[in-house]
Each structure stands twice: as structure tokens, then as C-alpha cells.
Peer 1: 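Below is a structure I'd like to ask you about.
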Amino acid sequence: MSSSTQPSSRGSSPPSGALPLRRSQFTYRNLSQMASYNTSCPLRVIAHIDLDCFYAQAEMVRLGVAEDQPLAVQQWQGLIAVNYPARAYGIGRMCTVTEAKKLCPNLITQHVATWREGEDKWAYRDDAAENIATDKVSLDPYRLESRRILATIKDHLPSHMQKVEKASIDEVFLDLSAHVHAVLLERFPEIARPPPSGDPSEPLPMPSVSALDWQADALVDLDDEHAEFDDPDWDDVAMLVASEIVRNVRAAIRDKLRYTCAAGIARNKLLSKLGSAHRKPNQQTVIRNRAVWHFLSGFKFTKFRNLGGKLGEQVSQIFNTESVEELLVVPIEQLKLKLGDDTGVWVHNTLRGIDMSEVSPRTQIKSMLSAKSFRPSINTVDQATRWLRIFVADIFARLVEEGVLENRRRPKTINLHHRHGVQTQGQTRSRSSPIPQGRSLDEETLFGLANTLLNQIIQDGHVWPCSNLSLSVGGFEDGISGNMGIASFLLRGEEAQALTDGPRTRAESKLKEQSQPPEKRRRIDDGGIQRFLTRKETPSPLDPIDALAEDNGAETSRVRETKLDSDAPSLPDEGPVLQANDETAIGGHLCARCGACLESSESLQSHQDWHFAKDLQEEEHGRLGFGNQASTTAASPHSGGRRSGPAAPKRPGRPKKTERGQQKLSFG
DNA sequence: TTGTATGAG
DNA sequence: GGCTCATACAA
């Protein structure tokens with residue numbers, strides 16, 4: 001196939017004879033769509049940042065070992081992360097500790113921190129591996145480091161343009177569209193002016209540069225033969241700017257925290273994620289729109305997000321191939337027929353690198369779980385109860401970090417899962433119950449609830465032997481900071497009144513509703529198969545509560561705004577472009593802050609007031625830094641760890657890329 | 001609301 | 001494999 005099968009590729013590019021008056025394939029409207037994070041904007045720029053073998057790096061930083069020191073993180077007799085120096089010795093995932101040591105006698109194998117019955121805090125213990133029967137793993141040290149990294153990332157983005165989604169403990173997505181938009185206007189004054197014709201659908205002039213300076217570090221992924229002859233258009237320039245931003249963010253993470261990471265820059269989450277996995281340690285990859293087809297064609301689709309499991313298996317069974325290229329020729333009707341309409345359409349789009357899913361500005365967790373697999377199974381209520389104590393201690397400590405004590409956030413439900421039988425098999429059951437709201441939540445209360453759930457499970461019989469138990473809390477809700485904060489004076493009448501009625505009452509509920517579209521809660525991020533492009537009429541006001549929340553300690557004292565009316569007025573921007581049938585907000589008032597589409601200027605104003613209030617609220621109880629609260633851990637820098645083991649996550653994608661064409665001048 | 005499955009790191 | 005997380009869907 002050629003790039004013409006690719007949606008966004010410059011399908012019909014004029015003969016390379018350079019007419020100075022050639023127009024961009026993008027319009028003024030497309031440009032302004034960037035400012036509102038319109039998911040169908042063809043100039044959208046998304047980045048995915050992925051820490052290199054995160055747990056291993058965290059231990060390296062904690063222990064202060066040299067960068068080239070082989071190190072692995074051990075969990076019982078296995079390895080859960082291996083740094084790159086160790087991988088050079090052939091140490092990988094499935095290595096046992098002894099094998100790893102044999103391969104590299106110099107290897108440091110640091111065991112993860114553990115909770116231990118009788119102790120009230122997790123800690124790094126020299127004898128953890130031999131105490132699998134009494135210890136339980138704690139990943140807290142990594143959660144804390146994850147927060148520091150997240151804060152650093154946010155610190156290096158403009159306070160009103162931090163659209164960051166924490167995808168996992170060591171990954172984030174950034175929607176850099178608005179940020180890049182601002183940089184473009186600044187660097188290219190010719191497009192900062194309104195369209196000469198006054199018509200937003202007028203094409204932009206071509207960028208005033210004939211070649212882009214992709215720094216060596218930001219490797220561009222190739223094209224097929226001819227595409228490189230086309231002059232760069234605005235999407236290429238946008239990618240370049242984003243690549244600069246990402247390079248700076250990575251440098252900050254490295255300089256301040258001593259962590260390296262890989263990154264991918266592309267037009268959506270799907271592609272940026274594939275991009276970050278493309279060149280692994282400490283590098284970044286740009287996938288320009290014109291290179292998408294070439295980049296994807298070499299993949300097995302089972303490498304794509306959501307196709308790595310049973311769905312992918314099902315697809316490959318039905319069509320008898322795992323190749324993207326081969327599946328690409330299957331008509332969409334065929335996909336719909338075999339997979340169902342929604343899934344069929346989703347697969348069809350995904351194979352083509354089309355993904356309109358939002359970068360959901362969520363950095364807070366929604367549930368927390370503490371679990372233990374019992375190597376020798378446990379067989380008594382007493383044993384189970386003792387584990388519950390540890391689970392509760394673990395979870396409660398984390399709840400404190402989340403601000404339960406200040407009633408900042410608290411969970412609504414508690415669940416206990418149980419697995420009967422041996423090892424990984426055996427049926428699992430669970431029981432859950434609401435967590436009484438009202439009074440403050442303490443450790444004993446939690447323990448009582450957990451015990452009740454345990455008793456319920458026991459009553460159902462078939463409990464012993466038990467091979468796994470896990471306790472989790474979820475359904476977190478934001479509370480109102482006790483002193484009915486500053487936020488309240490911004491609220492009008494009844495809302496303000498309600499605020500005083502007590503924690504988390506109608507006022508909050510109301511605000512919540514307002515921040516989330518009517519019907520259900522809009523599915524902002526990925527997850528489900530369907531729902532990807534199809535809809536998206538009004539850009540959802542991304543749950544602002546979550547949005548800013550986690551900017552913990554970050555001293556990002558934000559300043560008032562309301563500004564950027566400059567781009568807001570571009571209001572009803574809609575995205576023709578991508579064939580994906582998505583018309584967007586029509587005739588609404590867009591909030592430049594979050595992309596929400598309000599019906600009237602009044603509601604827009606009110607909505608912006610809400611942002612203001614929320615900001616103040618956040619500012620008020622500015623979350624404290626995390627670094628310290630680790631209190632418990634005896635961060636004693638001892639090095640002679642134990643064994644080592646397998647590797648870390650992902651790996652470099654396999655596509656065969658023909659690197660080429662990039663360098664040249666920079667902006668005029 | 002409660003419980004199970006799936007997918008991911 | 002073990003330990004977390006998130007989400008969709010069924011009961």
C-alpha cells in the first residue's frame with residue numbers, strides 16, 4: 001500500500017515543483033481546534049512517556065548506584081524489573097535469581113519493600129525473600145517516586161495547559177495540542193492573524209520552512225519512498241515543536257530526579273504509545289502523520305492496545321493472521337459481521353492508526369488494593385484475619401496519603417476477594433460493602449468492615465485452602481476541605497449554602513454534574529472497545545476535579561485566568577478531516593481550559609467560575625510533597641542486595657523502519 | 001450495587 | 001508469576 005491508504009497522509013500532494021503559493025492542507029479552523037484539545041483536530045499532538053524499567057531505576061536512585069551498574073528488582077525468588085546494564089548480560093524476565101547471578105556475578109538484586117506482621121510500616125528488609133510466608137510486598141516506594149515524576153512533568157508545562165493522564169505507575173499521556181498551538185502562533189506570526197478572507201475554512205499558508213531540524217535524539221520514523229519529497233506541512237511542524245517540549249520534559253526528569261524515559265510523539269494515544277516502545281531506553285520517537293502507514297504496516301496487531309488479549313486472539317483466529325497489513329484488506333463490513341458493529345469499526349480504525357480517545361486529565365487513582373498470594377495455601381480463619389490486618393494497615397497508610405484524614409478524598413466501598421484452591425486456578429469469590437460515610441474513617445473501622453466481609457465469604461463455604469486474598473477500597477469521592485474554604489465564596493446562593501451543610505453534599509454533587517455531561521458520565525478515556533470515535537459531540541468537560549487534583553506539592557501556584565479568550569472565540573470548531581464520522585460541537589461556547597462546550601456565554605462564564613473555584617480549592621489544600629511521608633522506609637543505602645530476576649515491561653516494537661530523511665535547517 | 005472478566009503494566 | 005490498577009458487563 002502506499003501512503004494514500006492512510007487517512008491523514010497527504011494523499012494528493014502536488015508535484016514537487018515548488019509553487020511558492022502552495023497552500024497547507026490544514027485550515028485556520030484546524031489550527032484553532034488545537035487550542036481546545038479537539039480530538040478530531042488533524043493537528044493534534046499527543047505524547048506518551050514511559051519510564052525505563054521503572055522499578056529498577058527507582059532502586060538505583062534510592063541506592064545511589066552508578067548508572068552502568070547491573071541491577072534487578074527481586075520479588076521472592078523472581079525478578080520483576082531488570083535495568084539495561086543487566087539486560088546486556090542476557091538477564092531477562094523469566095530468569096531465576098540464581099540464573100541471573102550466574103550470568104552476572106556483579107548483579108545487584110534488590111528485593112522490594114515488604115510489610116511484615118507485627119511491624120507497623122513497610123520497609124526494605126534483607127531477609128524478605130526468605131519470608132514469603134509472613135511478608136507482603138509493598139509497592140509504595142514506587143508510587144511515591146511516580147508522584148514525584150508526575151509533579152516534575154506538570155511543573156514543566158504551562159499551568160493552564162497540563163492535560164496529563166496517568167496511564168499507569170510509570171506511564172503518562174500528554175495532550176500537547178494547546179501548548180504547541182501557542183508556540184506555533186508565537187513562532188509563526190503569519191498564522192497568528194485571522195484568515196485574510198475571514199473564513200476559518202481557508203487553508204493556511206505553508207510553513208515558512210522547507211526542512212525541519214529533527215534533533216538526532218528525536219528520531220523520526222520513516223516514510224515510504226516518496227513522502228519525504230513533500231515539504232513539511234503544519235502537522236510536521238507541530239510534531240517537531242511537541243518533540244522539543246517532550247525532550248525538555250525528559251531532560252527535567254533526568255536532571256532533577258535522575259530517571260530516564262522513552263517517549264513517543266504522534267497524533268493520538270494509540271500511535272504515541274507504540275512510538276514510545278519503538279526505541280527503548282532513553283530515546284524518543286516521532287511518528288509523523290505521513291509515516292503512520294509505514295510505521296504500522298510492520299506490526300502484529302496483537303501489539304496494539306486492547307488487542308493483546310482475548311479480543312486479539314479472537315481476531316487472529318477468525319481472519320487467520322496477526323499481521324496488520326493482511327488485516328487491512330478486510331472490508332469493514334466483514335469486520336462488523338464477525339466482531340459486531342462497534343468492535344468491527346473499532347478494529348478497522350485501530351488498524352489504520354485512527355484513535356480519537358481523549359487524554360483524560362486524571363492523575364488520581366480510583367481504587368486501591370492490597371493482595372497476597374499464598375504459596376502454601378492458608379487454612380484457618382486466624383491466618384486470614386492476620387493478613388487482613390496487614391492489608392488494612394497498607395491500605396490505610398495509602399488512604400492517609402490520599403488525604404482521608406483531612407477528608408480530602410475517601411472511598412465509598414470496600415471489597416474482599418478470595419480464591420479457593422491451589423495456585424492460580426480455583427474459583428474466586430468476592431464480597432463488598434459500603435463504607436459508612438458520615439464520621440471519619442479510621443483503621444479500626446476498616447478492619448471491622450474487612451472482617452465482616454471475610455465472615456460472609458466463610459459462611460458461603462468452600463474457603464479452605466485459600467490461595468489468594470485481596471482487600472480493596474474504591475469509589476473515591478472528593479470531600480470538602482473542612483474549613484469550608486475559599487471556594488465557597490465564589491459559589492452563588494444555594495450552592496454556597498449547601499456547602500455549609502456538610503461535607504460532600506449537594507453543592508459538590510451539583511458541581512460534579514455540571515462538570516460532567518448530562519446523561520451518564522462521559523467516557524473520557526480508552527478502555528472499552530467502542531465509543532472511540534463515533535461520538536464526541538460536545539467535547540466533554542473533563543472531570544476537572546480529577547484534573548488538577550493530583551498536582552500534589554507541585555508549587556505550580558496557578559494564577560487566575562479567564563484569559564485566552566483569544567482562542568476560545570474560535571468556538572464552533574468542528575472537525576471535518578478524519579473520515580471518522582464525527583461532527584463536533586456546533587454553535588457552542590468552548591471553554592479553552594478544558595474543551596467543554598457550553599450552551600451560552602452565561603453558562604460558559606459560570607463554567608469558568610467553576611474552574612476558578614476549583615483551582616482555589618486545590619491551591620488551598622495544596623497537597624504536600626510525597627517524598628517524606630515515606631517515613632517508615634529505612635532507606636538505608638545498602639547495596640549487597642539479593643538475587644535478581646526477569647525484566648521489565650514492554651519492548652521495542654518490531655516494525656522494520658527505514659530510517660531516513662530528517663535533518664536540515666530549523667525554523668527560519 | 002455487587003460480582004466477574006478482561007486487559008494492561 | 002505476583003501485584004496492582006481500570007473498565008465493561010452481567011447478575
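Naming: A, B, ... by sequence-line order, numbering from 1 per chain.
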Peer 1: Pick the closest DNA chain B nucleotide for T413(A) and for T302(A) by heavy atoms, then say which residue is nearer the 5' end.
Peer 2: T413(A)

Peer 1: Name the nucleic acid region contacted by T428(A), choosing base, sugar-phosphate or nothing; use a 4.0 angstrom heavy-atom cut-off, strictly under.
Peer 2: sugar-phosphate

Peer 1: So do M368(A) and V473(A) actually touch side chain to side chain, heavy atoms under 4.5 Å?
Peer 2: yes

Peer 1: On DNA chain C, compare the nucleotides closest to Y55(A) and R398(A); which residue's is nearer the 5' end?
Peer 2: Y55(A)

Peer 1: Report yes if a side-chain nitrogen or oxygen of R143(A) is closer than 4.0 Å to either non-bridging phosphate oxygen (OP1 or OP2) of dC5(C); otherwise report no.
Peer 2: yes

Peer 1: What is the distance from CZ of F476(A) to P of dT7(C), rounded to the nearest Å?
Peer 2: 14 Å

Peer 1: Expressed in angstrom and rounded to an integer, what is the separation of I457(A) atom CD1 from dT2(B) atom P?
Peer 2: 14 Å

Peer 1: Tell me: CG of D342(A) to P of dA8(C), nearest whole Å?
Peer 2: 13 Å

Peer 1: Looking at the side chain of K372(A), which of dG7(B), dC3(C), dA6(C) is the nearest nucleotide?
Peer 2: dC3(C)

Peer 1: Does K273(A) place a side-chain N or O at less than 4.0 Å from the phosphate oxygens OP1/OP2 of dG9(B)?
Peer 2: yes

Peer 1: Do E477(A) and K412(A) sit within salt-bridge range, that is, some charged N less than 4.0 Å from a carboxylate O?
Peer 2: yes

Peer 1: Describe the nucleic acid contact of F304(A) in one word from base, sugar-phosphate, nothing, applying a heavy-atom distance below 4.0 Å.
Peer 2: sugar-phosphate

Peer 1: Report the nucleotide, chosen from dG1(C), dT4(C), dG7(B), that has the shortest atom-to-atom distance to any side-chain atom of L311(A).
Peer 2: dG7(B)

Peer 1: Within the pair R429(A) and dG3(B), is there a side-chain N or O less than 4.0 Å away from OP1 or OP2?
Peer 2: no

Peer 1: Between dT7(C) and K366(A), is there an OP1 or OP2 to side-chain N/O distance shorter than 4.0 Å?
Peer 2: yes

Peer 1: Nearest whole Å is fine: how far is dT4(C) C1' from W115(A) CH2?
Peer 2: 16 Å

Peer 1: Establish, with yes or no, whether the OP1 or OP2 oxygen of dT4(C) is under 4.0 angstrom from a side-chain nitrogen or oxygen of K136(A).
Peer 2: yes

Peer 1: If only side-chain N and O atoms count, and only distance matters, is there a donor-acceptor pair under 3.5 Å linking N415(A) with S430(A)?
Peer 2: no

Peer 1: Answer yes when E145(A) and R148(A) have at least one side-chain N-carboxylate O distance shorter than 4.0 Å, and no when they do not.
Peer 2: yes

Peer 1: Separation of E145(A) atom CD from dG9(B) atom P, in whole Å?
Peer 2: 22 Å

Peer 1: Between P on dG9(B) and CG on L307(A), what's the gap in Å once rounded to a whole number?
Peer 2: 12 Å

Peer 1: I want to check one thing: is the phosphate of dC3(C), taken as OP1 and OP2, less than 4.0 Å away from some side-chain N or O of S373(A)?
Peer 2: yes

Peer 1: With respect to the phosphate group of dT4(B), does any side-chain polar atom (N or O) of S430(A) fall under 4.0 Å of OP1 or OP2?
Peer 2: yes

Peer 1: Please report, rounded to the nearest Å, how far the P atom of dC3(C) is from the CD1 atom of I80(A).
Peer 2: 10 Å

Peer 1: dT6(B) phosphate, OP1 or OP2: any side-chain N/O from K310(A) under 4.0 angstrom?
Peer 2: yes

Peer 1: Both Q75(A) and L369(A) contact DNA chain C. Taking the nearest nucleotide for each, which residue is further toward the 5' end?
Peer 2: Q75(A)

Peer 1: It should be established whether S367(A) places a side-chain nitrogen or oxygen under 4.0 Å from OP1 or OP2 of nucleotide dC5(C).
Peer 2: no

Peer 1: Rounded off to whole Å, could you give me the CG-to-C1' distance for the L416(A) and dT4(B) pair?
Peer 2: 15 Å

Peer 1: Taking the nucleotide of DNA chain B with the closest heavy atom to each, which residue, K412(A) or L139(A), is nearer the 5' end?
Peer 2: K412(A)

Peer 1: Distance to the ring centre below 6.0 angstrom and angle to the axis at most 45 degrees; does that hold for R62(A) and Y124(A)?
Peer 2: yes

Peer 1: Ignoring hydrogens and angles, state whether a donor on the side chain of Y142(A) or E59(A) is under 3.5 Å from an acceptor on the partner side chain.
Peer 2: yes

